[in-house]
Amino acid sequence: MGSQSKPLILEKKPKPQAVVKDWISELPDAVLCHILSFLPTKLAVRTSILSTRWKNIWWASVLNQDFDDEYDPWIERDDSFSMFVDRVLSFRDSADIHKFRLCCSGVEDFSRIDGWIRTAIDCNAVEFDLRVHSESDYQIFELPESFFMSKTLVVLKLNSDCLRYVPPKSGCFPSLKFLHVTVDYPDDESMEKFFSCCPVLEDLTIDGVVGHDADVYISAPELKTLRLSLRGEDCSPQNSFSINAPKLEKLDVREGRLSNYIVKNAKSLVKAIVNLYSHDSCLQLDFSKLSSALLAGISNVKYLSLSAHSLKACSVPAFDNLSELKLVLHNCYDWELLTELLKRSPNLEYLVLEHNEGACTIYSEDEEYSEDEEYSAEYFNHEWNTPETVPVCLSAHLKSITISGFKGDSDEMEAAKYLLEKGKVLNKVTIYAGDLLCRREELDKELELIQRGSRTCRVEFF
């Protein structure tokens, strides 16, 4: 027999393994540094174990430092957080810090916090976010003088229940433009000195709890934006804020219990937001007087957003420059306020009405009806009363009306009809009806029957 040929066996060669390229390591140092700056310091510092290059990048180049002890009072206190902050800051030598954030509630040794702040200031920090809290009502932390004298600090956020502000008499914060302070029963004198020692401050936010008879004076020659969002105790005495800011352009006031506001030199004021969110503010003594004083101080604005459960029409001054008005209507709202604002805003061009269904009941069924509650009942008026005279803005200037939260109640329909009838230059009325879209055809027909003041006016439902 002839020899048989052996079958040809093809060996399968293994596929070459794909080479995983380390794209991250090829990034420039500046990009890696930028990525690390978004991480809390506790996480970012761990990258230093990857290689010598990462270690050098971290210690020499990362500009942001973010320390948070995440303190839990139920866990036994230890010194690991303080040791970590000490170590990180000591390794940086004199490298600059752009943003420094320190949040600690479990550090009892304030001298250490003082040292960390001094180090950040010595490293030319530009942004500073300091949140220091103490379990003791008697521990007071006084900021170091170098903190106030920093020439590089531009943005500052402070949130503490134990800070005392004692700035030097001169040379404070020569570059500070943005300041956000969260207060907790502050000391009036130190607060007043603090807010008045910022010569180039442009943006100031004050929020928190004001429980005492506070009397705060804010004087800032370059201030453009001021936000006040304050809570107080119902039984606390009346607080007072005096504002002297000749370049102020925007004022935002949010309070449950209205303070006494004295606004001086407000000729540059363009935009104001007033939110008096407490439904029982009508029971506050001198509420009408206080609201009148606040609105009179901002009467020069071109834009006004106003939300108040119990503001009376008699509190409204003349708004001769007002071109845009947003009015939040609560379910215990007096329509007379809207008509009064229309009368006193002859140049109004844009009107937004927003319905808010917040609760307005001041007493429960189990509580005894008092004289104060009987007094407050006059605020709960849902009826629409047609003004005797047509406001000038409706005849000559009002171009656009937006109504949100429209429910289709009889008083709302009467108000909408009146605005459509008297709006001689209206271009557009937009109604956000929400759940009432099923009644859109019915509402359309009802509004179509109105003889509109402007032939070019369009009504749109959403």
Side-chain angles (χ1 to χ4, degrees), residues 97-102 117 120-121 123-132 141-160 163-184 186-208 210 214-230 239-255 259 261-274 294 297-298 300-301 303:
I97 294 175
H98 178 80
K99 182 176 181 179
F100 183 82
R101 178 179 178 270
L102 176 62
I117 293 173
I121 293 299
C123 291
N124 302 315
V126 177
E127 298 183 33
F128 217 104
D129 188 346
L130 180 62
R131 308 180 188 197
V132 179
F141 176 57
E142 191 170 307
L143 291 165
E145 184 174 319
S146 61
F147 179 79
F148 296 98
M149 305 300 288
S150 169
K151 295 180 179 180
T152 58
L153 200 58
V154 177
V155 180
L156 174 59
K157 294 181 180 180
L158 294 173
N159 184 338
S160 176
L163 277 184
R164 184 164 63 182
Y165 310 95
V166 187
K169 293 183 179 180
S170 62
C172 296
F173 298 127
S175 303
L176 187 65
K177 293 187 176 182
F178 301 90
L179 174 61
H180 185 157
V181 181
T182 300
V183 296
D184 190 1
D187 174 67
D188 298 351
E189 185 177 354
S190 65
M191 288 277 288
E192 183 174 314
K193 290 180 180 178
F194 186 61
F195 296 140
S196 301
C197 70
C198 310
V200 297
L201 187 65
E202 297 180 359
D203 192 300
L204 172 61
T205 299
I206 307 172
D207 59 25
V210 182
D215 188 3
V216 181
Y217 179 67
I218 301 172
S219 178
E222 300 296 325
L223 190 65
K224 296 179 180 178
T225 300
L226 174 61
R227 303 176 194 86
L228 297 165
S229 181
L230 304 169
N239 300 311
S240 179
F241 288 87
S242 182
I243 303 165
N244 185 3
K247 294 185 179 180
L248 188 65
E249 297 175 358
K250 179 182 176 181
L251 177 64
D252 187 340
V253 174
R254 301 170 192 267
E255 278 200 283
S259 299
Y261 283 91
I262 303 171
V263 184
K264 304 176 181 178
N265 297 326
K267 294 180 180 180
S268 300
L269 195 61
V270 176
K271 183 175 183 178
I273 300 171
V274 178
L294 173 58
I298 62 174
N300 195 54
V301 296
Y303 173 91

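In what follows, residues are counted from 1 in the order of the sequence shown.
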Any idea which heavy atoms bring [X] and [Y] closest together, and the distance?
X	Y	result
Ala266	Gly297	CB-O, 3.6 Å
Pro168	Phe148	CD-CB, 3.6 Å
Pro167	Cys172	CB-SG, 3.8 Å
Phe173	Val200	O-CG2, 4.4 Å
Val274	Leu294	CG1-CD2, 4.0 Å

Glu142 atom CD, over 12 foreign heavy atoms within 6.0 Å: yes
Distance check, rounded to the nearest 0.5 Å: [X] atom [atom1] versus [Y] atom [atom2]?
X	Y	atom1	atom2	answer
Ile97	Ile121	CD1	CD1	9.5 Å
Ile117	Phe100	CD1	CZ	7.5 Å
Leu228	Leu251	CG	CG	6.5 Å
Ser150	Leu176	OG	CG	8.5 Å
Asn124	His98	CG	NE2	12.0 Å

Determine whether a donor-acceptor pair (N or O, by modelled atom type, separation under 3.5 Å) exists between the side chain of [X] and the backbone of [Y].
X	Y	value
Ser175	Lys151	yes
Ser229	Asp207	no
Asn300	Lys267	yes
Thr152	Ala125	yes
Thr225	Lys250	no

Ion pair Lys271/Asp252, N-O distance below 4.0 Å: no
Pairing residues for Tyr261 by the ring-ring contact (aromatic ring centres under 6.0 Å, His included) criterion, not counting sequence neighbours: Phe241
Close side-chain approach of Asn244 and Tyr217, heavy atoms under 4.5 Å: yes
Aromatic plane relationship, Phe147 with Phe128 - under 30° parallel, 30 to 60° tilted, over 60° perpendicular: perpendicular
Which residues share a salt bridge (Lys or Arg N to Asp or Glu O under 4.0 Å) with Glu202, sequence neighbours left out: none
Leu143 and Leu130: CA distance, side-chain angles, deciding distance, side-chain contact (heavy atoms from CB on, under 4.5 Å) verdict: CA-CA 11 Å; Leu143 291 165; Leu130 180 62; 3.8 Å; yes
